[in-house]
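To start, the structure under review is shown below, and the notes come after it.
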Amino acid sequence: MKNIAIAIALCFAPVAAHAEALSPAQEEAKADFDERTEDALALLNESCGAKVTIKSDFQNFKPDDWARGIKPPALCNLVLAAASSMCKQRPVYKKALGKQLTSVGCVFAGVQPKQKKDVTNTFTLRNLSFTNGALTLRMHTDVVNVGDNTKATVEKALK
């Protein structure tokens, strides 16, 4: 049985390694992202009394999509800052977030497209979620009011 498990692991190891390989531009963007979100993550963990981690998917990062406008670290920092401020300013949310929030996902894949009927915040709210301990923003250059929309998403999830 042990040999079968090893054989299966060896078969999938090259696939997993290949799936995670990043281009030089993606590696550079990830390093910049990690550096620029470090302080906001530390503040969130301190404010909420939590051990939150950031999850992202830089294998889906396309540099051309982000050549202009707001950058991924800035968007993620807005999510982190909003959650942090909820913990600082609202003791009940500090208690809830401290227990429930385990990760913040700032991801590139799975963006829900804009629709003709969207009003200012609808597109952003559709791309924010808080489920199973993960507060996730599916990042796009057109998201707006990320801080306020993050707070609204958390409030709705914790009702």
Side-chain angles (χ1 to χ4, degrees), residues 8-48 50-87 93 97 100-158:
I8 291 171
L10 290 174
C11 288
F12 287 105
V15 174
H18 179 67
E20 295 300 317
L22 300 177
S23 72
Q26 290 169 328
E27 283 185 35
E28 183 178 61
K30 183 181 182 322
D32 180 62
F33 179 89
D34 291 344
E35 181 181 331
R36 292 177 185 258
T37 57
E38 185 177 355
D39 290 342
L41 178 61
L43 183 60
L44 170 63
N45 282 322
E46 180 184 320
S47 301
C48 295
K51 300 244 187 261
V52 176
T53 59
I54 297 177
K55 297 184 179 188
S56 197
D57 59 345
F58 274 87
Q59 68 275 14
N60 293 311
F61 173 75
K62 296 176 182 142
D64 291 345
D65 292 349
W66 297 89
R68 292 196 169 141
I70 194 162
K71 302 294 183 211
L75 287 176
C76 197
N77 280 336
L78 291 170
V79 173
L80 295 167
S84 180
S85 73
M86 289 183 86
C87 287
Y93 282 94
L97 286 171
Q100 294 183 35
L101 184 61
T102 58
S103 68
V104 170
C106 296
V107 298
F108 300 95
V111 173
Q112 302 297 312
K114 276 193 164 186
Q115 298 175 3
K116 284 184 180 183
K117 63 181 179 179
D118 281 351
V119 292
T120 303
N121 295 311
T122 310
F123 172 68
T124 303
L125 286 168
R126 191 169 37 260
N127 285 291
L128 272 162
S129 62
F130 184 32
T131 56
N132 300 323
L135 176 58
T136 304
L137 172 64
R138 289 171 297 284
M139 296 188 293
H140 190 277
T141 56
D142 289 340
V143 295
V144 295
N145 302 326
V146 174
D148 290 338
N149 285 315
T150 297
K151 290 176 183 178
T153 299
V154 170
E155 288 171 346
K156 183 177 177 182
L158 296 178

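This chain uses plain numbering: 1 for the first residue, then up along the sequence.
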Requested in this report: Mind running side-chain contact (heavy atoms from CB on, under 4.5 Å) on Arg126 and Asp118 for me, showing each step along the way?
Outcome: CA-CA 10 Å; Arg126 191 169 37 260; Asp118 281 351; 2.5 Å; yes

Which atom pair, heavy atoms only, marks the closest approach of [X] to [Y]?
X	Y	value
Ile54	Cys76	CG2-SG, 4.2 Å
Asn77	Ala40	OD1-CB, 3.2 Å
Ser85	Lys151	OG-CE, 3.1 Å
Ala50	Leu101	CB-O, 4.3 Å
Ser84	Ser47	OG-OG, 3.0 Å
Leu22	Gln59	CD2-N, 3.4 Å

I'd like to check [X] versus [Y] (side-chain heavy atoms, cut-off strictly below 4.5 Å). Are they in contact?
X	Y	value
Thr150	Leu135	yes
Leu158	Phe130	yes
Val111	Phe123	yes
Pro72	Phe108	yes
Val144	Thr120	yes
Met86	Val154	yes
Thr102	Thr53	no
Leu80	Val104	yes

Atom [atom1] of [X] and atom [atom2] of [Y]: how far apart are they, to the nearest 0.5 Å?
X	Y	atom1	atom2	answer
Phe58	Asp32	CZ	CG	8.0 Å
Leu97	Cys87	CG	SG	4.5 Å
Tyr93	Cys48	OH	SG	12.5 Å
Gln26	Asn60	CD	CG	8.0 Å

Can you tell me if [X] has over 12 outside heavy atoms packed within less than 6.0 Å of its [atom1]?
X	atom1	result
Gln115	CD	yes
Glu27	CD	yes
Arg36	CZ	no

Query - Partner residues of Thr136 under the side-chain contact (heavy atoms from CB on, under 4.5 Å) criterion, sequence neighbours left out - result: Val107, Ser129, Ala134, Arg138

Query raised in the report: Do Asn145 and Asp148 have side-chain N/O donor and acceptor atoms under 3.5 Å apart?
Result: no

Query raised in the report: Per the side chain to side chain contact (heavy atoms under 4.5 Å, CB included) rule, which among Thr124, Asn127, Val143 passes with Asn149?
Result: Thr124

Report task. Could you note down all residue pairs passing salt bridge (Lys or Arg N to Asp or Glu O under 4.0 Å) where residues 71-84 supplies at least one of them, sequence neighbours left out? Result -> none

Check: residues 62-70 side-chain donor-acceptor pairs under 3.5 Å, at least two apart:
none

